[in-house]
Number of protein chains: 2
Amino acid sequence: MQNPLVLKINQLFGSDAALHGLLDFGPSHRVLPHLDIVGDGSEVSHTSLLLGGVACRYRIMGEQRAILGFLVPGDFTNPPFPDHQRLNFGVSALTTCKVMNVSCAHLREVASHTPQLSTALWTLNQMDHAILLSWLAQNSHCPADKRLAHLLCELRARLALVGLADDNSFLLPLTQEDLADALGLSTVHVNRVLQHLRELDIIRSMGRTVSIPDLGQLEAFAGFNPTYLHLRGAVMRLDRMHSTAQMRK
Amino acid sequence: MQNPLVLKINQLFGSDAALHGLLDFGPSHRVLPHLDIVGDGSEVSHTSLLLGGVACRYRIMGEQRAILGFLVPGDFTNPPFPDHQRLNFGVSALTTCKVMNVSCAHLREVASHTPQLSTALWTLNQMDHAILLSWLAQNSHCPADKRLAHLLCELRARLALVGLADDNSFLLPLTQEDLADALGLSTVHVNRVLQHLRELDIIRSMGRTVSIPDLGQLEAFAGFNPTYLHLRGAVMRLDRMHSTAQMRK
DNA sequence: CGATTACTTGACACCGGTCAAAGCCGGTGG
DNA sequence: CCACCGGCTTTGACCGGTGTCAAGTAATCG
């Protein structure tokens with residue numbers, strides 16, 4: 001059972017044995033569903049690495065919960081760079097989660113000895129930012145069916161990065177209510193849109209398993225552009241950054 | 001005529017004479033309305049500081065433009081930290097803009113000599129992130145009138161930081177179409193919601209000037225919580241970061 | 001002063017929300 | 001092994017917020 005962050009970094013930047021040992025930070029603990037991993041508005045000088053399960057960033061707006069992002073294994077709850085962040089969101093476990101706390105100071109210390117790790121963390125942070133931008137664009141400007149399809153594409157791609165999905169299916173332990181709170185829709189409507197996607201045979205879902213007859217078709221329907229996740233070309237980009245960094249010296 | 005970034009940093013972190021000279025990076029140029037300051041998808045190793053005018057981050061989705069954020073004087077088009085970013089959005093001038101390009105490498109160089117500047121840039125970056133989160137939450141989970149009201153609160157607060165707004169009014173050079181593309185609404189509906197807010201006497205707008213009879217009432221209506229902009233307490237936070245940084249040594 | 005761009009208005013359609021009830025499914029305990 | 005239970009999913013009827021289309025009015029600029 002490998003650290004999913006290591007898996008992800010290797011997947012994105014090419015296998016790099018040097019990193020394997022660096023990212024074992026210590027003991028992990030479990031968080032049960034519906035419990036907070038990080039409380040809303042808390043002030044922290046650490047981040048938490050999700051090792052297993054699915055969690056979400058959220059904020060309570062009036063009566064209802066707004067989900068602002070999903071976390072899958074290999075993700076950090078908050079950016080690992082600055083000390084003493086006051087978060088303006090909470091992080092809550094959606095399934096049972098395995099979590100490891102990482103001091104930001106410690107992570108910076110490790111990264112300062114390993115420029116590749118430092119670059120990798122930066123890229124992951126930009127990926128996080130890109131996902132947020134994409135949610136904003138989709139949720140504000142797309143009809144419900146495209147929104148939902150796009151979210152499925154994104155989650156599949158991110159899960160695939162840590163070996164939890166392939167091109168044809170993956171396990172998605174979210175309720176329709178979770179999806180609704182993320183997409184800004186009602187639970188009832190999410191249900192109907194799911195049925196609609198099934199009728200079109202764009203997805204086939206049984207229980208928690210989503211299976212995808214034709215990934216290309218799904219991504220086309222959603223208008224999904226995987227490059228924003230730095231999925232392809234990330235290795236090239238890392239190389240270029242190193243080479244230009246050397247040129248400048 | 002002062003550099004609005006200096007103004008903003010002083011406003012947020014307290015007057016700090018040491019910064020005054022550091023943030024003059026060189027020549028600026030003008031960009032006319034509707035022209036790109038940075039093209040979508042371009043790869044840059046610099047950022048651009050907006051010195052005057054209003055611009056937006058945007059992305060074209062199908063037929064229509066999605067506005068993903070507004071830029072006011074003192075804002076950067078993209079985060080100033082990493083070299084060689086491939087942007088997944090464009091930046092376009094909404095009014096005539098005065099823009100100054102800043103090499104990321106150079107900015108890092110300057111910041112490395114001035115820990116206060118470095119911290120300030122970090123905080124500004126987190127502020128940017130917080131605004132994005134807030135847009136996502138509002139646009140996905142609020143009815144049109146609250147959304148619009150919230151956006152007006154945010155813009156007023158940000159403009160006030162650089163001396164371009166007070167509690168009772170400010171100049172907002174946006175068309176209703178700009179607002180619509182930002183809020184994910186149709187132009188027609190933005191028009192109607194504006195009328196509605198005027199009927200409630202929550203805002204009074206004449207031409208491009210928005211005047212606010214009672215700021216408290218507007219912010220209450222919008223559910224606006226200014227702390228997410230680091231507006232209050234930012235000075236304290238900066239102090240705390242410095243003192244804890246020293247303690248660790 | 002004409003021409004273009006922005007704003008305003010009304011009628012109508014539709015997407016998605018709400019409410020309420022009924023199945024389904026997995027777990028728990030007798 | 002079955003009965004029960006709570007959470008999740010599915011349905012239907014109805015309503016309201018927003019979008020669309022199209023036309024008309026104001027404002028801005030050369």
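Within every chain, numbering begins at 1; the chains are lettered A, B, ... in the order of the sequence lines, protein sequences first and strands thereafter.
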Check: When we call it a touch if two heavy atoms are under 4.0 Å apart, what does A:Arg198 touch: a base, just sugar-phosphate, or nothing?
Finding: sugar-phosphate
Check: Hey, where on DNA chain C does chain A first and last touch, going 5' to 3'? Cut-off is any atom under 4.0 Å from a heavy atom.
Finding: C:dG16 to C:dC19
Next item on the list: Name all residues meeting the salt bridge (charged side-chain N to carboxylate O under 4.0 Å, His left out) criterion together with A:Lys8; count only those two or more places apart in sequence or in a different chain, and write none if there are none.
Entry: A:Asp75
Next item on the list: Any chance you could measure A:Gln64, atom CD, to A:Ser186, atom OG, to the nearest 0.5 Å?
Entry: 10.0 Å
Margin query: To the closest 0.5 Å, what do you measure between CD (A:Gln85) and OG (A:Ser45)?
Written below: 9.0 Å
Notebook entry, point to check: Does B:Arg158 use its side chain to pair, donor to acceptor, with the backbone of B:Phe70 at less than 3.5 Å?
Noted result: yes
Next item on the list: Mind listing the residues from residues 184-197 of chain B sitting with a heavy atom below 4.0 Å of DNA chain D? Number order is fine.
Entry: B:Gly184, B:Leu185, B:Ser186, B:Val188, B:His189, B:Arg192
Check: For the helix from C:dC1-D:dG30 to C:dG30-D:dC1, what angle lies between the axis at the first five pairs and the axis at the last five pairs, to 10 degrees?
Finding: 40°
Check: So, for A:Asn88 and B:Leu133, which heavy atoms are closest and what is the spacing to 0.1 Å?
Finding: OD1-CD1, 3.7 Å
Note to self: Just verifying a value: how many Å separate A:Asp181 CG and B:His141 NE2, rounded to the nearest 0.5 Å?
What the structure shows: 6.5 Å
Next item on the list: On DNA chain C, check which nucleotide each of A:Asp145 and B:Thr175 is closest to and give me the residue with the more 5' one.
Entry: B:Thr175
Item checked: Where A:Asp40 and A:Leu87 come nearest, the two heavy atoms and their spacing -> OD1-O, 4.4 Å
Next item on the list: Ignoring hydrogens and angles, tell me if any N or O in the side chain of A:Ser92 forms a donor-acceptor pair with the backbone of A:Cys56 under 3.5 Å.
Entry: no
Check: What are the two closest non-hydrogen atoms of A:Leu229 and A:Phe224, and how far apart are they?
Finding: CD1-CZ, 4.0 Å
Checklist line | Nearest-angstrom distance from the residue atom CG of B:Asn139 to C1' of D:dG17 | finding: 16 Å
Notebook entry, point to check: What is the distance, rounded to the nearest whole Å, between atom CD of B:Glu177 and atom P of D:dG19?
Noted result: 14 Å
Within the sub-3.5 Å range, which N or O atoms of nucleotides 24-30 of chain D have a protein N or O partner, and how far apart are they?
none

Check: With sequence neighbours left out, what residues match B:Asp145 under salt bridge (charged side-chain N to carboxylate O under 4.0 Å, His left out)?
Finding: none
Check: Do A:Leu51 and A:Asn3 come within less than 4.5 Å of each other through their side chains, counting heavy atoms only?
Finding: yes
Next item on the list: For the residue pair B:Tyr58 and B:Asp36, confirm or rule out a side-chain donor-acceptor distance under 3.5 Å.
Entry: yes
Notebook entry, point to check: Looking only at atom types and distance, does a side-chain atom of A:Thr95 sit under 3.5 Å from a main-chain N or O of A:Gly53, one as donor and one as acceptor?
Noted result: no
Notebook entry, point to check: Nearest-Å distance, CD (B:Gln176) to P (D:dT18)?
Noted result: 16 Å
